[in-house]
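See structure below.
Given the structure is predicted, the values throughout are model-derived calculations rather than measurements.
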Number of protein chains: 2
Amino acid sequence: MAENLSRRDVIRLRKAMTSTQSDSFFYHLRNLLRAKLHFDTLLIMQFQKSGTPRLHNGWLRRTAALEGAMRQYLAGAYRLDPFYQYPAPPQDGAMYRLSEIAPDRFFTSEYYLRYYRKTQLCDEIGLLCPLENGSIAHLSLSRRAQAGPFKRKELQCLRHYSPLLLEMLRSHCNFRAQHMDQNAETPSRPLSQIIRTEAAETLGVKLTKRETQVAELVLQGHSNPSAALKLGMAYETAKVHRRNIYRKLGISSQGELFSLFKDVI
Amino acid sequence: MAENLSRRDVIRLRKAMTSTQSDSFFYHLRNLLRAKLHFDTLLIMQFQKSGTPRLHNGWLRRTAALEGAMRQYLAGAYRLDPFYQYPAPPQDGAMYRLSEIAPDRFFTSEYYLRYYRKTQLCDEIGLLCPLENGSIAHLSLSRRAQAGPFKRKELQCLRHYSPLLLEMLRSHCNFRAQHMDQNAETPSRPLSQIIRTEAAETLGVKLTKRETQVAELVLQGHSNPSAALKLGMAYETAKVHRRNIYRKLGISSQGELFSLFKDVI
DNA sequence: CACGTAATACCCCGATTGGGGTAGTTTTTG
DNA sequence: CAAAAACTACCCCAATCGGGGTATTACGTG
């Protein structure tokens with residue numbers, strides 16, 4: 001069974017666990033995981049409370065598309081990442097699969113089509129774990145299309161060891177946070193604020209609070225029903241808000257809404 | 001009335017008409033037109049039979065977005081330009097408005113949202129005129145959103161003088177063609193071929209003739225009914241082709257189709 | 001000739017979008 | 001307080017899309 005660790009695995013695990021407070025942790029972690037499953041990217045990031053995400057460690061199978069996407073991600077596209085916008089994980093952290101937590105229309109959203117799809121990644125597992133300072137540690141594993149989605153066994157294995165992984169992740173991120181220049185934190189404007197000010201300044205339009213929220217969810221890839229559910233309102237109400245947004249912005253389709261904000265995000 | 005030419009207009013007209021065989025034609029043409037209507041871009045191009053379009057003369061109101069879009073256009077996006085893909089104009093040439101000749105879903109198409117919309121252009125008038133060598137001369141006038149679409153009077157004026165403009169356009173393009181290095185013509189792969197080979201090579205999928213045609217029209221911004229009309233088939237048949245395309249390419253939405261080819265086009 | 005592929009046309013369905021309207025309640029603001 | 005703005009919920013509708021199916025008619029190539 002995948003859950004069983006060979007002697008070598010045990011050694012790898014020990015090396016990873018004992019190195020969380022050092023720079024070699026990522027190396028050992030990668031070795032550990034590589035022995036148990038196949039992945040094409042491995043990232044350790046930190047979602048900060050009011051700053052842009054930090055990439056602590058990253059390994060990508062060399063691809064121009066992947067590196068370009070990574071740059072765009074850190075530059076602002078992260079705001080539409082389902083893992084980034086996912087509500088705070090439980091105290092102990094948790095493991096999620098992209099397809100589980102993605103908004104219902106995420107895979108036809110502009111973010112997916114423009115940033116994600118061209119990386120050829122087809123599956124992603126994310127571990128999220130709250131840190132002491134209020135930020136969130138994020139471990140991401142993903143697979144390219146040619147390798148297919150994660151297999152059942154690989155998922156079982158990950159799920160089985162996710163408590164350990166989360167613990168290591170937390171420990172390592174706390175270590176990295178100490179050596180991080182707090183002041184170098186680039187402030188991150190939340191998506192809602194971007195929408196508001198962009199609409200106001202560029203288009204001279206004042207969006208109401210609810211309209212901004214609906215626009216935000218729509219940009220993240222929620223359908224009307226899904227956005228309504230998230231905001232605790234009736235489906236028709238979300239529709240009304242969207243209609244008002246379109247009217248105010250002088251557009252008439254979801255695609256135009258995306259194109260209005262894609263340069264800013 | 002807008003059709004009336006002042007004495008100064010007459011002088012401008014004469015200058016333009018007498019300079020079609022020289023490099024100063026564009027300058028005089030711009031002066032002539034500027035006196036009669038407002039525009040934010042003025043382009044003289046030549047759509048070649050089997051080469052990429054040539055930009056003979058171009059004037060853009062300085063905008064980073066405009067210049068970027070122009071580069072993308074010449075690099076390949078021209079293939080989705082409604083004027084470019086418009087069937088051959090009559091012998092004497094003709095004048096068209098973008099909204100008249102655009103595919104029904106053009107304004108929600110990827111081309112429009114990615115290339116056209118961000119230029120902030122909201123209206124475009126194109127004169128098309130066949131040349132001797134089989135290529136097509138194209139005069140384009142467009143307006144930015146802040147100026148609004150062309151006014152009725154401006155359109156009347158243009159329409160009234162379009163025979164003259166077309167004649168000048170033809171004359172000038174023939175002049176430019178003489179001084180053009182025939183061999184420098186960059187060969188242009190037609191869209192259909194790009195779709196075919198891209199699907200075959202990158203995705204290992206053989207699209208049939210009809211499927212390729214449907215994919216082409218969809219990428220250009222035609223809906224199923226519109227594509228069916230263009231291909232002389234029933235609406236349902238076009239739908240079947242599209243369904244087969246999706247199945248073969250392993251996708252499930254129009255957005256993914258766009259994203260598959262957007263890097264190639 | 002026969003068989004496979006391509007192409008055609010039609011049926012069904014559910015889901016979503018975009019746009020129109022009416023109406024009631026809550027909140028904000030002058 | 002009273003009016004305006006925001007929010008809510010529901011009604012209607014047409015259009016499109018994506019996916020399922022069946023069936024008939026070419027068209028070629030072996």
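- Rounded to whole angstrom, the span from the CD atom of A/Glu256 across to the C1' atom of C/dT17 amounts to 14 Å.
- When the side-chain nitrogen and oxygen atoms of B/Arg242 are compared with OP1 and OP2 of D/dG19, none of them lie within a distance under 4.0 Å.
- Between the OH atom of B/Tyr235 and the P atom of D/dA15 there is a distance of 11 Å, given to the nearest Å.
- In the set D/dC17, D/dG18, C/dT17, D/dC17 carries the atom at the smallest distance from any side-chain atom of B/Pro225.
- At least one test fails for B/Arg143 against the ring of B/Phe39: distance under 6.0 Å to the centre or angle within 45° of the axis.
- Put simply, the side chain of A/Lys239 and the base of C/dG20 share no donor and acceptor less than 3.5 Å apart.
- For the atom pair CD (A/Gln46) and CD1 (A/Ile136), the distance works out to 10.0 Å, reported to the nearest 0.5 Å.
- Atom CG of B/Leu219 is separated from atom CG of B/Leu80 by 6.5 Å, given to the nearest 0.5 angstrom.
- The side chain of B/Arg210 lies closest to C/dA7, out of D/dT8, D/dG21, C/dA7.
- Across C/dG19, C/dT17, D/dG21, the shortest atom-to-atom separation from the side chain of A/Arg243 is found for C/dG19.
- Of the listed nucleotides (C/dC10, D/dC17, D/dA9), C/dC10 has the atom at the smallest distance from the side chain of B/Ala234.
- Residue contacts for B/Lys209: at a heavy-atom cut-off of 4.0 Å it reaches the sugar-phosphate backbone alone, with no base atom in range.
- Atom NE2 in A/His138 sits 5.5 Å away from atom CG in A/Asp81 (nearest 0.5 Å).
- Between A/Ser223 and C/dT17 there is no side-chain polar atom (N or O) within less than 4.0 angstrom of OP1 or OP2.
- OP1 or OP2 of C/dG18 sits under 4.0 Å from a side-chain N or O of A/Tyr246.
- Contact check, B/His241 against C/dA6: no side-chain N or O comes under 4.0 Å of OP1 or OP2.
- Summarising the geometry, atom NZ belonging to A/Lys118 is positioned 10.0 Å from atom OG belonging to B/Ser259; distances are rounded to the nearest 0.5 Å.
- Of the candidate nucleotides D/dC10, D/dG19, C/dA6, D/dG19 has the atom lying nearest to any side-chain atom of B/Ser252.
- Checking the phosphate oxygens (OP1, OP2) of D/dA9, a side-chain nitrogen or oxygen of A/Thr237 falls inside 4.0 Å.
- Picking from C/dG18, C/dT17, D/dT8 the nucleotide with the shortest atom distance to the side chain of A/Ser253 gives C/dG18.
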